[in-house]
Amino acid sequence: MPSNAPTRLRFAPAPTGFLHLGSARTALFNWLYARHTGGELVLRIEDTNAELTRPELIDNIFRSLEWLGIDWDGEPVRQSQRGHLYDDAVERWLDEGRAYVDDGAVRFRVPDDGVTAWDDLVRGRIEFEHRHIEDFVVRRSDGSATFFVANAVDDLDLGITHVVRGEDLVNVTPKVIMLRQALGAADLPVFAHLPLIVNAQRKKLSKRRDDVALESYRERGVLAEAMVNYLALLGWGPPDDVEVRPLAEIVALFELSDVNPSAAMFDPTKLEAINGEYIRAMAPEAFAAAIEPWVRQASWGEELSVTELAVVAPLIQERTRVLEQTPAQLEFFFVEQPVIDADAWANVMGGEHAIPLLTGARAAFESCDWRVEQLHRTLAAIGDDRGLKLGKAQAPVRVAVTGRTVGPPLFESLVVLGRERVLTRLDAALARCG
RNA sequence: GCCCCCAUCGUCUAGUGGCCUAGGACACCACCCUCUCAAGGUGGCGGCACGGGUUCGAAUCCCGUUGGGGGUGCCA
């Protein structure tokens with residue numbers, strides 16, 4: 001096909017439940033190529049199986065694609081509404097003797113000799129000898145057409161130029177090609193079979209074993225931009241080694257012929273790393289707004305004001321990889337008394353310095369200026385007196401006030417908490433020390 | 001069993017015969033910075049599965065071996 005011919009791609013999910021990570025990647029690559037070439041992407045719901053036509057499942061696909069920012073051109077095509085086209089095709093093959101009735105079903109006649117082959121854009125030439133392909137069912141005994149028929153008819157009827165789908169569909173391709181030819185088509189679409197996404201065991205991601213629902217990553221607080229960016233890296237890599245970058249740049253760089261054919265492992269750790277990068281790049285206000293839904297779910301989060309959230313959010317932004325971490329990070333600000341981590345307590349309160357440090361801080365904090373620099377200097381001086389660096393000296397205070405040894409910057413946190421609550425917590429810790 | 005595919009650091013990738021004593025990212029380790037943790041900086045560890053060809057020259061081409069995966073429904 002001439003390089004300037006308009007491209008038309010399709011994403012054709014079966015509504016079998018939530019959108020699967022693998023499907024999302026397929027959708028993305030179709031979308032990337034359509035946008036890269038200035039072509040069109042049609043969304044085709046493959047619901048030929050009557051049991052799979054539940055509307056809520058289709059809505060879920062729409063929602064997930066919209067979340068990712070993958071849009072499509074024109075109205076979605078529902079295969080369940082195009083049965084007559086498939087029926088006509090089967091009738092025609094029956095009339096022409098290309099198909100025959102077998103035990104109530106209709107099978108397509110596959111020649112004994114010859115091969116069906118195509119030049120796959122990502123895997124090169126693939127050939128299937130006809131003698132290895134059985135006469136396959138095109139119409140079930142209940143009268144409905146099978147997937148092969150719907151696929152061949154729709155790709156032709158919709159004017160699809162590029163068929164981009166998962167590698168697990170390679171073996172159905174010769175059947176679809178034969179059907180397309182039997183429909184009278186002179187040409188073939190360009191096929192590109194994408195590498196599988198696999199788990200750590202190198203097996204195809206499955207609903208049973210793996211966390212494959214796109215939704216579940218969203219619920220954990222993975223940003224759509226980060227998810228799209230990461231998914232684009234599974235089977236494709238930018239030539240300039242810049243992995244984390246705006247979608248527009250990925251669209252500009254993306255080529256199907258650059259997709260590599262070997263399976264790619266889905267690595268949640270790298271996803272989170274990229275997500276963290278996107279989180280850090282957010283404007284502070286945007287971050288505060290983004291974490292609100294998660295924070296609200298905490299028992300203490302319901303009556304939280306956006307003002308309070310805006311004050312505290314910047315303290316944890318660069319420490320956040322997924323948004324669901326944020327309630328735990330912020331809790332000590334908003335509960336009456338922090339939950340004291342037993343290990344943290346044991347680690348810092350056992351030594352000879354803990355009580356004097358707490359006592360000293362308690363006394364000094366009663367009257368010092370309640371500002372970051374002043375608090376910093378005050379605690380540093382108390383540590384100095386005992387020959388301790390600030391790193392050591394701050395630990396008991398941190399555990400007393402936040403309950404843990406790690407967390408947002410201490411002095412900023414003290415300022416936010418206010419003198420009164422800090423003194424109360426120091427007293428509580430002292431009491432606990434006995 | 002049969003059919004099809006795949007093979008560069010642990011992982012994702014760059015690489016399309018000489019620029020490669022193989023580059024980047026995640027992870028890991030060390031150091032620096034530092035009020036903890038992060039973030040950031042610097043450095044390190046670590047790979048062309050193996051064997052034959054082709055070629056002046058191979059991670060790149062061909063063949064084989066081994067290993068892995070996908071498909072084998074009147075599911076899609």
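In what follows, chains are A, B, ... by sequence order, proteins preceding strands, each numbered from 1. In this text, all values refer to a predicted model and were calculated from it rather than measured experimentally.
Nucleotides B/U21 and B/C2, compared at atom C1', are 46 Å apart to the nearest Å. B/C63 sits 16 Å from B/A7 when the C1' atoms are compared, rounded to a whole Å. Nucleotides B/A58 and B/C19 place their P atoms 11 Å apart, quoted to the nearest Å. For the P atom pair drawn from B/C5 and B/U42, the interatomic distance equals 45 Å after rounding to whole Å. The same atom, C1', is picked in B/G47 and in B/G52; the two are 22 Å apart, to the nearest Å. B/G70 and B/C20: their P atoms are spaced 37 Å apart (whole Å). Here the separation of B/A14 from B/U60, taken at their C1' atoms, is 13 Å to the nearest Å. Spacing of P atoms, B/G15 relative to B/G51, comes out at 26 Å, to the nearest Å.
Side-chain contact of A/Y230 with A/D267: a donor-acceptor pair under 3.5 Å is absent, judged by distance alone. Under the 3.5 Å distance criterion, with hydrogens and angles disregarded, no donor-acceptor pair is assigned to the side chains of A/N275 and A/R220.
Searching all strands for a Watson-Crick or G-U wobble partner of B/A7 with both distances below 3.5 Å returns B/U66. Checking B/U16 for Watson-Crick or G-U wobble geometry (two distances, each under 3.5 Å) identifies no partner in any strand. Pairing of B/G1, defined by two Watson-Crick or G-U wobble distances under 3.5 Å, is identified with B/U72. In this structure, B/C28 forms a base pair with B/G44, meeting either the Watson-Crick or the G-U wobble geometry with both donor-acceptor distances under 3.5 Å.
A/G391 comes within 4.0 angstrom of the backbone, heavy atoms only, and of no base. At a threshold of 4.0 angstrom between heavy atoms, the contacts of A/E127 are confined to the sugar-phosphate backbone, with no base atom among them. Among the atoms of the strands shown, none is found under 4.0 Å from any heavy atom of A/P195. When heavy atoms are screened at a 4.0 angstrom cut-off, A/R131 is found touching no nucleic acid atom at all. Backbone-only engagement by A/F128 is indicated by non-hydrogen atom pairs under 4.0 Å involving sugar-phosphate atoms exclusively. Base engagement by A/E412 is indicated by at least one non-hydrogen atom pair under 4.0 Å involving a base atom. Backbone-only contact: A/H132 has heavy atoms under 4.0 Å from sugar-phosphate atoms and none from a base. Backbone-only engagement by A/N260 is indicated by non-hydrogen atom pairs under 4.0 Å involving sugar-phosphate atoms exclusively. Residue-level contact check: A/G235 touches the backbone only, with heavy atoms under 4.0 Å from sugar-phosphate atoms and none from bases. Within 4.0 Å of A/T405, counting heavy atoms only, lies at least one base atom of the nucleic acid. Across all strands, A/R139 comes closer than 4.0 Å to no nucleic acid atom at all (heavy-atom distances). Contact annotation for A/N171: backbone-only contact, meaning every heavy-atom pair under 4.0 Å involves sugar-phosphate atoms and none involves a base. Within 4.0 Å of A/I316, counting heavy atoms only, lies no atom of the nucleic acid at all.
Applying the side-chain hydrogen bond (donor to acceptor under 3.5 Å, both in side chains) test to pairs two or more places apart or on separate chains, those with a residue in residues 254-264 of chain A are A/H36-A/E255. Sorted by first and then second residue, the side-chain hydrogen bond (donor to acceptor under 3.5 Å, both in side chains) pairs involving residues 406-428 of chain A (not counting sequence neighbours) are A/R362-A/D427. The ring-ring contact (aromatic ring centres under 6.0 Å, His included) contacts involving residues 398-417 of chain A comprise A/H376-A/F411, where partners must be two or more places apart or lie in separate chains.
In the set B/C26, B/G40, B/C75, B/G40 carries the atom at the smallest distance from any side-chain atom of A/R280. When each of B/C3, B/C6, B/G24 is scored by its nearest atom to the side-chain atoms of A/S262, the top-ranked nucleotide is B/C6. Nearest to the side-chain atoms of A/R123 among the listed nucleotides B/C12, B/C6, B/A76 stands B/C6. Nearest nucleotide to the side chain of A/H376, out of B/C35, B/A14, B/C75: B/C35. Of the candidates B/U13, B/U36, B/G23, the closest approach to any side-chain atom of A/R319 belongs to B/U36. Nearest nucleotide to the side chain of A/P261, out of B/C35, B/A7, B/U13: B/A7. For A/V170, the side-chain atoms get nearest to B/C4 when compared with the rest of B/A27, B/C74, B/C4.
Residue side chain A/R398 reaches the base of B/C35 through a donor-acceptor N/O pair under 3.5 Å, judged by distance alone. The base of B/A27 lies outside donor-acceptor range of the side chain of A/K270, with no N or O pair under 3.5 Å. Counting atom types as modelled, A/D168 pairs no side-chain N or O with a base atom of B/G71 as donor and acceptor under 3.5 Å. In terms of polar N and O atoms assigned as donor or acceptor, the side chain of A/S141 comes within less than 3.5 Å of the base of B/C74 in a complementary pairing.
Using a 4.0 Å cut-off between charged side-chain N and carboxylate O, A/R139 and A/E91 make a salt bridge. Taking 4.0 Å as the cut-off between side-chain N and carboxylate O, A/R180 and A/D155 do not count as a salt-bridged pair. Electrostatic pairing of A/R82 and A/D157 counts as a salt bridge here, judged by a charged N lying under 4.0 Å from a carboxylate O. Of the charged side-chain nitrogens involved, at least one lies within less than 4.0 Å of a carboxylate oxygen, so that A/E134 and A/K175 count as a salt-bridged pair.
Atom pair A/F266:CZ and B/C26:P shows a separation of 17 Å (rounding to whole Å applied). If you measure from atom CD of A/E134 to atom C1' of B/G71, you get 11 Å, rounded to the nearest angstrom. Between A/F11 atom CZ and B/A76 atom P the separation is 16 Å, expressed in whole Å. The separation between A/D135 atom CG and B/G73 atom C1' is 15 Å, rounded to whole Å. Atom C1' of nucleotide B/C37 and atom CZ of A/R404 are separated by 9 Å, given to the nearest angstrom.
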_What does the B/S/- profile of nucleotides 59-69 of chain B look like, 5' to 3', with a 4.0 Å heavy-atom cutoff to protein?_
----------S

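Map A/F148 and A/W236 each onto its nearest nucleotide of RNA chain B; the residue landing nearer the 5' end is A/W236. Where A/L271 and A/D102 each meet RNA chain B at their nearest nucleotide, the meeting point lying more 5' is that of A/L271.
A/H162 pairs in a ring-ring contact (aromatic ring centres under 6.0 Å, His included) with only one of the listed residues (A/W31, A/F11, A/Y33), which is A/Y33.
Residues from residues 339-368 of chain A that place a heavy atom under 4.0 Å from any atom of RNA chain B: there are none.
The nearest pair of heavy atoms linking A/L183 to A/A89 is CD1-CB, 3.9 Å.
For the atom pair CG (A/D120) and CD1 (A/I126), the distance works out to 4.5 Å, reported to the nearest 0.5 Å.
Using a 30° and 60° split on the angle between ring planes, A/F266 and A/Y217 fall in the perpendicular class, above 60°.
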Would you tabulate the side-chain donor-acceptor contacts of residues 105-112 of chain A under 3.5 Å, counting partners in other chains and residues two or more places apart, or write 'none'?
from	atom 1	to	atom 2	distance (Å)
A/R107	NE	A/D102	OD2	2.7
A/R107	NH1	A/D135	O	2.7
A/R109	NE	A/G97	O	3.1

